[in-house]
J.: 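Handing you a structure now.
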Amino acid sequence: MSNENMAELLFPNVGQLPTDIYSLYPLRNLSTSAMVTRFAPSPTGSLNIGGLYATLISERLAHQSNGVFFLRIEDTDKKREIKGSIENIINSLLYFGIHFDEGPTLSGDDKGAYGPYKQSSRIQIYKVFIKHLVRTGLAYPCFCDTDDLQKIRISQQNLKVTTGYYGQWAKHRDISFQQAKEEILNGKPFVIRLRSSGSSDRRIMYNDLVKGPIELPENDQDIVIMKTDGLPTYHFAHAIDDYLMGTTHVIRGDEWLSSVPTHIQLFETLGFRIPEYGHIAPIMKQVGASKRKFSKRKDLDGTAEYYKEQGYPGVAIGEYFMNLINSDFEEWRMANPHKSFRDFFIYTDKMNVSGALLDMNKLGDISKDVISRLTGKQVFDHLYTWSKEFDSELYTLIDKNKEYTVNILNIGRTIEKPRKDYSKWSDVKTMIAFFYDEWFKKDVLSGYKLPTNVSFDVAKEIVLGFSKTYRFNNEKEAWFHEIKELAEELGFAKDMKQYKANPNSYKGHVGDVAMVIRRALTNRTNTPDLFDIMKVMGENRVFERMQRFIRI
């Protein structure tokens with residue numbers, strides 16, 4: 001009866017019972033093999049790259065098993081919440097192609113029948129279960145303040161015993177109803193603690209989805225499950241939510257490994273089925289000769305937002321992560337070059353137990369492959385969307401020249417082995433800028449860069465001669481024949497073999513002639529095929545640029 005009185009004293013306005021809550025969250029109608037996974041971030045800033053990695057694993061496990069993947073926002077710590085974080089998290093997930101079946105949306109509404117999906121909207125649910133634990137003698141109020149806890153800690157340190165709030169050190173473990181009532185009447189703040197049944201002398205065994213069998217000491221601490229502000233701790237809230245929402249598998253960083261005994265104890269105390277846990281090692285960053293974890297403060301490239309701003313296609317990040325998740329993905333990709341990476345099944349027991357290194361060169365190569373498989377129109381659509389948010393100058397220009405830009409981006413894409421020019425959308429601007437007259441005119445104000453063996457006067461002769469013979473409708477073979485004839489006429493070898501046999505007899509070779517023309521039209525050394533460039537530029541632009549060069 002005293003426990004019942006204590007529960008009413010602490011939670012007079014909580015009238016529901018756990019059975020009332022269970023009726024709102026029926027068991028999911030899924031096959032026994034289907035997994036229900038979640039991503040449950042706190043809205044304390046940008047989504048980090050490690051969180052994105054873990055989330056992809058969770059999403060893949062759910063969807064490859066015909067299960068459910070949901071987003072839950074753990075926002076009970078309002079002091080640390082940063083405005084706009086929830087929107088940032090949702091937008092990041094969408095950009096990187098990670099689609100959740102249930103959770104909060106950008107409109108502010110929830111989708112799914114197991115919400116609310118923000119913990120701040122679930123406070124009354126947690127209080128129902130906390131009151132139930134107090135009623136059954138499994139939890140109690142603790143009125144210790146900071147000074148009280150510090151005194152306990154000092155005593156423990158002096159005795160060289162484990163520090164914490166447990167056993168004989170749990171000052172309010174057996175507090176009476178009358179004592180608690182007096183403290184409350186005196187306005188004393190309190191937390192609610194779980195009465196631990198564990199002992200540090202005993203061990204628990206559990207099978208980690210990633211690391212395999214693990215043995216850990218039981219939790220003997222009377223952990224806080226409700227703070228003085230009436231909000232639940234992470235440990236307690238996640239147990240309630242994961243049970244009610246039907247979570248079957250939890251993928252998270254291995255910094256949470258030491259919490260497993262506490263979490264298992266919570267589920268057992270509440271009478272809930274325990275989800276399976278998989279703890280992944282952090283993604284590492286190469287710094288000089290050593291590796292380290294990404295730092296939220298030091299590393300801009302440690303956030304998902306960085307990769308979005310740089311313009312890595314979301315699918316390229318997913319493709320790259322699959323290489324880190326399971327080592328046999330690369331072999332699968334070679335055998336299935338045209339399939340989506342989502343057709344590859346991942347397995348937690350094949351994951352890297354140690355920290356995987358984020359190799360930017362490898363990411364760049366994969367991203368180039370991904371972009372090379374897109375059509376010019378698809379590249380344009382991605383570039384258009386990205387530049388609208390991150391490069392207004394580029395956006396304005398391509399918005400005015402849509403068809404022209406698509407044609408530019410199509411160069412080298414219709415062949416069997418397409419060009420791999422771009423690893424991210426931020427690469428594109430500098431690589432195609434010469435096509436646009438506004439940017440080209442600014443570029444050549446500082447002069448044209450010519451081959452070292454060709455003087456400006458000779459270069460003008462080359463461009464003038466080419467302008468007289470050039471026919472826009474010529475096929476490539478006839479076009480190149482004209483260049484070779486011009487080369488011979490101006491004292492250049494018609495081919496490299498001829499030039500190498502007697503280099504002193506020529507001003508240069510046909511490649512030098514072609515390079516001068518390339519420079520006159522683009523002021524670049526390295527470009528896609530010159531014939532294709534001229535076809536896309538159009539006859540008027542080609543002749544106008546040649547005349548500009550000749551007039552210098």
Side-chain angles (χ1 to χ4, degrees), residues 376 401 404 407-419 421 430-552:
N401 300 278
Y404 182 47
N407 291 336
I408 292 167
L409 297 171
N410 245 333
I411 293 175
R413 291 188 174 275
T414 55
I415 55 179
E416 187 177 342
K417 291 187 177 180
R419 289 178 63 91
D421 293 327
T430 55
M431 299 185 76
I432 67 172
F434 67 83
F435 279 99
Y436 303 93
D437 296 331
E438 299 95 317
W439 288 343
F440 180 74
K441 288 173 185 176
K442 290 179 185 177
D443 183 40
V444 298
L445 284 175
S446 57
Y448 291 87
K449 306 169 189 74
L450 299 173
T452 54
N453 60 320
V454 180
S455 69
F456 218 95
D457 288 339
V458 172
K460 284 187 176 183
E461 283 187 69
I462 291 172
V463 176
L464 179 61
F466 182 70
S467 68
K468 290 177 180 178
T469 61
Y470 176 63
R471 299 292 179 271
F472 182 75
N473 292 322
N474 276 353
E475 295 298 324
K476 190 171 185 177
E477 189 176 334
W479 168 82
F480 191 55
H481 175 74
E482 293 294 341
I483 293 179
K484 291 173 73 174
E485 291 297 316
L486 176 63
E488 185 175 46
E489 180 184 325
L490 296 177
F492 291 80
K494 293 174 69 173
D495 57 57
M496 282 299 296
K497 186 177 179 181
Q498 189 182 49
Y499 176 73
K500 287 180 178 179
N502 197 1
N504 294 327
S505 299
Y506 302 100
K507 295 178 182 177
H509 52 78
V510 68
D512 296 322
V513 174
M515 180 56 72
V516 168
I517 298 169
R518 186 186 305 275
R519 283 293 191 180
L521 297 177
T522 69
N523 206 25
R524 301 285 182 89
T525 302
N526 185 23
T527 70
D529 185 86
L530 183 57
F531 178 79
D532 292 339
I533 287 174
M534 295 168 75
K535 284 293 182 186
V536 169
M537 282 185 173
E539 187 172 10
N540 291 339
R541 185 176 279 108
V542 169
F543 276 109
E544 191 278 327
R545 292 195 181 187
M546 286 195 287
Q547 291 304 312
R548 174 185 295 275
F549 186 85
I550 294 165
R551 288 195 301 267
I552 291 176

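What you are looking at is a predicted structure, and each value in this text was computed from that prediction instead of being measured.
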J.: Side chains of V513 and V454, heavy atoms from C-beta outward: is any pair under 4.5 Å?
T.: no
J.: Quickly, which of I411, I533, D421 forms a side-chain contact (heavy atoms from CB on, under 4.5 Å) with T527? Name it, please.
T.: I533
J.: Nearest 0.5 Å please: distance from the CD atom of E544 over to the CD atom of E539.
T.: 13.5 Å
J.: Of all heavy-atom pairs between R524 and A433, which one has the smallest distance, and what is that distance?
T.: NH2-CB, 3.9 Å
J.: So for atom CG, which belongs to N526, do other residues, nucleotides or ligands contribute more than 12 heavy atoms lying within a distance under 6.0 Å?
T.: no
J.: Where the side chain of R519 meets the backbone of K449, is there a donor-acceptor pair that is under 3.5 Å apart?
T.: yes
J.: Show your working on side chain to side chain contact (heavy atoms under 4.5 Å, CB included) between L490 and V458 and close with a plain yes or no.
T.: CA-CA 8 Å; L490 296 177; V458 172; 5.8 Å; no
J.: Begin from the C-alpha positions of E438 and K442 and carry the test salt bridge (charged side-chain N to carboxylate O under 4.0 Å, His left out) through to its verdict.
T.: CA-CA 7 Å; E438 299 95 317; K442 290 179 185 177; over 6 Å; no
J.: Between F466 and F549, is a ring-ring contact (aromatic ring centres under 6.0 Å, His included) present by the stated rule, with each step listed?
T.: CA-CA 12 Å; F466 182 70; F549 186 85; over 10 Å; no
J.: Hey, mind stepping through F434 and L521 against side chain to side chain contact (heavy atoms under 4.5 Å, CB included) and telling me if it holds?
T.: CA-CA 8 Å; F434 67 83; L521 297 177; over 6 Å; no
J.: Salt bridge or not for K507 and D512, using N-O below 4.0 Å?
T.: no
J.: To the nearest 0.5 Å, tell me how far M515 CE sits from L530 CG.
T.: 9.0 Å
J.: In Å and rounded to the nearest 0.5 Å, what is the CH2 to OG1 distance from W439 to T430?
T.: 9.5 Å
J.: So, do F492 and H509 sit near enough that their side-chain heavy atoms are less than 4.5 Å apart?
T.: no
J.: So, for I462 and L486, which heavy atoms are closest and what is the spacing to 0.1 Å?
T.: O-CD2, 3.3 Å
J.: What class does the angle between the rings of Y470 and F543 fall in, given that below 30° is parallel, 30 to 60° is tilted and above 60° is perpendicular?
T.: tilted
J.: Please give me the minimum heavy-atom distance between N523 and G447, naming the atom from each residue.
T.: ND2-O, 3.3 Å
J.: Decide whether a cation-pi geometry holds between K494 and Y506; the criteria are a distance under 6.0 Å from NZ or CZ to the six-membered ring centre and an angle within 45° of the ring axis.
T.: no
J.: Is it true that D437 and R541 make a salt bridge, defined as a side-chain N closer than 4.0 Å to a carboxylate O?
T.: yes
J.: Could you grab the distance from atom CE of M534 to atom CD1 of I517, nearest 0.5 Å is fine?
T.: 7.0 Å
J.: Hey, are the side chains of V536 and Y404 touching, using non-hydrogen atoms and a 4.5 Å cut-off?
T.: yes
J.: Would you please test M546 and V542 for side chain to side chain contact (heavy atoms under 4.5 Å, CB included) and show each step?
T.: CA-CA 6 Å; M546 286 195 287; V542 169; 3.8 Å; yes
J.: Y499 and A493: which non-hydrogen atoms are nearest, and at how many Å?
T.: CB-CB, 3.6 Å
J.: Is any NZ, NE, NH1 or NH2 atom of the basic residue among D495 and K497 found under 4.0 Å from an Asp or Glu carboxylate oxygen of the other?
T.: no
J.: Would you kindly say whether R518 and T525 are connected by a side-chain donor-acceptor distance under 3.5 Å?
T.: no
J.: Taking all atoms of both residues into account, what is the closest heavy-atom pair of N410 and G376, and its distance?
T.: OD1-N, 3.2 Å
J.: Is the shortest heavy-atom distance from the side chain of F456 to the side chain of L450 under 4.5 Å?
T.: yes
J.: Walk me through whether F435 and F440 qualify under ring-ring contact (aromatic ring centres under 6.0 Å, His included).
T.: CA-CA 7 Å; F435 279 99; F440 180 74; over 10 Å; no
J.: Measuring from I432:CD1 to I408:CD1, what's the distance to the nearest 0.5 Å?
T.: 5.5 Å
J.: Is the shortest side-chain heavy-atom distance between T522 and M537 below 4.5 Å?
T.: yes
J.: Can you list the steps and then say if Q547 with V463 is a side chain to side chain contact (heavy atoms under 4.5 Å, CB included)?
T.: CA-CA 8 Å; Q547 291 304 312; V463 176; over 6 Å; no
J.: Between the side chains of K484 and E488, is the shortest nitrogen-to-carboxylate-oxygen separation below 4.0 Å, so that they form an ion pair?
T.: no
